[in-house]
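Structure record follows, encoded as structure tokens.
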Amino acid sequence: MSAGSLPSVGSSAGVPAADAGAPRRSEPARPERVCPNCGEALLEQKCKLLCPNRQCGYYMSCSDFY
């Protein structure tokens with residue numbers, strides 16, 4: 001096999017056409033900062049992590065995550 005027949009880096013060879021243009025889901029940088037109930041990003045307030053969704057009401061105190 002010659003070097004000219006290899007696919008170049010970044011080519012879509014071997015990638016199904018349906019996945020080639022699909023946007024990638026970005027993973028949260030810190031998954032522990034995501035509310036397990038509703039999926040909102042938890043807000044840090046002193047020694048607590050609070051869910052901004054008032055209907056959810058989830059929070060974690062510092063003793064829960066340290």
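Sequential numbering from 1 along the given sequence is applied to the chain's residues. In this text, all values refer to a predicted model and were calculated from it rather than measured experimentally.
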Checklist entry - Can you name the side-chain contact (heavy atoms from CB on, under 4.5 Å) partners of Pro36, sequence neighbours left out? => result Tyr58
Checklist outcome for this item: Taking every heavy atom of Glu40 against every heavy atom of Cys51, the minimum-distance pair comes out as CB-SG, 4.0 Å
Next on the checklist: Nearest 0.5 Å, please: how far is SG in Cys62 from CD in Glu44?
Outcome noted: 11.0 Å
Checklist outcome for this item: Taking every heavy atom of Asn53 against every heavy atom of Cys38, the minimum-distance pair comes out as ND2-SG, 3.9 Å
Item to check | Heavy-atom closest contact (Pro52 atom, Leu43 atom, distance) | outcome: CB-CD1, 3.7 Å
Checklist entry - How would you list, by chain and number, every residue that makes a side-chain hydrogen bond (donor to acceptor under 3.5 Å, both in side chains) with Glu32, sequence neighbours excluded? => result Arg30
Checklist entry - What pair of heavy atoms forms the shortest contact from Leu42 to Met60, and how long is it? => result CD1-CE, 4.1 Å
